[in-house]
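Please read the structure below before turning to the comments.
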Amino acid sequence: MRLVFAGTPEPALPSLKALLESRHEVVAVVTRPDAPAGRGRRVERSPVAALAEEHGIEVLTPAKASDPDFLARLRALQPDLCPVVAYGALLPESALAIPTHGWVNLHFSVLPAWRGAAPVQAAVRHGDDITGATTFRIVKALDAGPVYGVVTERVRERDTAGDLLGRLAESGAKLLVSTVDGIEDGTLRPVEQSEEGVSYAPKVTVDDGRLDFAAPAAALDRVARAVTPDPGAWAEFRGERLKLGPVVPVELDGLAPGELKVERKRVLVGTGTTPVMLTEVQAQGKKRMPATDWARGVRIEAGERIS
């Protein structure tokens, strides 16, 4: 089939690579416009755009998918199907109607659970044991279209959102190719989603990464892993923001919420239950470092707290 692939960030790359190696023809990609990235805020191409250009594939970067010029070019490409992985923008009905077999999205949850922008982060934050990836036909309602296929993945005890998304991107790529194969062969028919078990995962913001050390240790552990690597966990120390890596619950008593305790090989913080151990820390204007190195550098005083 003739495919126009839509995607933007790095987790979309395994799917694009798999489709490029499949029996199908990727005639173009649709991705978000160039945007500032990194510490220097240099304008860069999206990972999907960069990979497409390496293979000599046309790259379309509409500001909106409703732009008339974009829709005209999409019609001229005459796609049979448009696979989508983390494109990052809504698709209007005028675009959905163009490909013969519609647009098929690879979504990183087992629908109808965790519809929305941040399903992997939601699965980690809420302590899910199992998650997965789903291919479905895109309709007007958010992530509500009929399902073609599902793969499942166990959420490991120390998984960050980045760890889990990396595995789902690989297994999901295989699912997407098999879905495209099945649509072409006529052997795959989508099944409507259940109306029960629907949950939503809104976009994660920087504020979602702030750790409240009055919360239980288990909750802080999940929150920190859910926002790693992006946007990252953080708290305040001596009036300045302190970026934090994942935290690890430990069995110990006697620390008030936020109270710091420095030991030879670990740095502990009190919570609403038992303490957590800090792993990595990044102070403002500094590089990320082990928490023990940071603690030695700032010379934490007895009774000091992180808030």
Side-chain angles (χ1 to χ4, degrees), residues 6-15 32 48 83-91 96 102-176 178-179 190-211 215-216 218-233 246:
T8 299
E10 199 165 315
L13 296 183
S15 288
R32 300 295 293 150
V48 164
V84 183
V85 184
Y87 170 48
L90 295 176
L91 296 164
L96 296 179
W103 297 65
V104 173
N105 191 32
L106 173 65
H107 183 78
F108 296 118
S109 79
V110 178
L111 292 171
W114 302 132
R115 295 175 179 175
V120 176
Q121 292 92 330
V124 175
R125 189 180 193 115
H126 287 80
D128 292 356
D129 294 321
I130 300 291
T131 187
T134 303
T135 49
F136 70 95
R137 181 163 181 157
I138 295 179
V139 296
K140 185 177 181 180
L142 178 66
D143 298 335
V147 169
Y148 285 103
V150 174
V151 292
T152 58
E153 176 75 34
R154 182 168 295 280
V155 182
R156 300 170 185 170
E157 184 179 3
R158 299 306 310 158
D159 266 342
T160 65
D163 297 332
L164 183 55
L165 181 56
R167 297 201 305 276
L168 289 173
E170 295 293 338
S171 60
K174 297 175 183 177
L175 173 65
L176 183 60
S178 65
T179 297
V191 177
E192 294 294 332
Q193 292 185 38
S194 171
E195 294 183 2
E196 297 182 359
V198 175
S199 53
Y200 291 93
K203 183 178 179 180
V204 175
T205 68
V206 171
D207 288 342
D208 292 322
R210 181 166 191 168
L211 299 186
L220 289 166
D221 169 34
R222 293 196 302 268
V223 170
R225 288 187 291 111
V227 296
T228 299
D230 186 61

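- Applying the ring pair (Phe, Tyr, Trp, His ring centres under 6.0 Å) test to Trp103 and every residue at least two apart in sequence or in another chain returns nothing.
- Within a 6.0 Å radius of CG in Leu90, no more than 12 heavy atoms belonging to other residues, nucleotides or ligands are found.
- Considering CZ of Phe108 and CG of Leu168, their distance stands at 6.5 Å, rounded to 0.5 Å.
- Distance check: Asp163 CG to Arg156 CZ gives 8.5 Å after rounding to the nearest 0.5 Å.
- Using a 4.5 Å heavy-atom threshold, the side chains of Gln193 and Pro146 count as separate.
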Note to self: Working note: Val104 + Phe136, criterion side chain to side chain contact (heavy atoms under 4.5 Å, CB included); need CA distance, chi angles, decisive distance, verdict.
What the structure shows: CA-CA 5 Å; Val104 173; Phe136 70 95; over 6 Å; no
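- Atom-to-atom distance recorded for Ser109:OG and Glu153:CD is 13.5 Å, nearest 0.5 angstrom.
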Check: Run the salt bridge (charged side-chain N to carboxylate O under 4.0 Å, His left out) check on Asp159 and Arg167 step by step: do they pass?
Finding: CA-CA 10 Å; Asp159 266 342; Arg167 297 201 305 276; 2.7 Å; yes
Item checked: From CA spacing to verdict: side chain to side chain contact (heavy atoms under 4.5 Å, CB included), Asp221, Arg158 -> CA-CA 9 Å; Asp221 169 34; Arg158 299 306 310 158; 2.9 Å; yes
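- Atom CZ in Arg115 sits 8.5 Å away from atom OG in Ser199 (nearest 0.5 Å).
- For the atom pair CG (Asn105) and CG (Leu176), the distance works out to 9.0 Å, reported to the nearest 0.5 Å.
- A ring-centre distance under 6.0 Å is found for Trp114 and His126.
- For Arg137, the salt bridge (charged side-chain N to carboxylate O under 4.0 Å, His left out) test picks out no residue, with sequence neighbours left out.
- Neither side chain, Thr131 nor Asp128, offers a donor N or O lying under 3.5 Å from an acceptor on the other.
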Next item on the list: Take Thr228 and Thr160, measure what side chain to side chain donor-acceptor pair (under 3.5 Å) needs, and give me the verdict at the end.
Entry: CA-CA 6 Å; Thr228 299; Thr160 65; over 6 Å; no
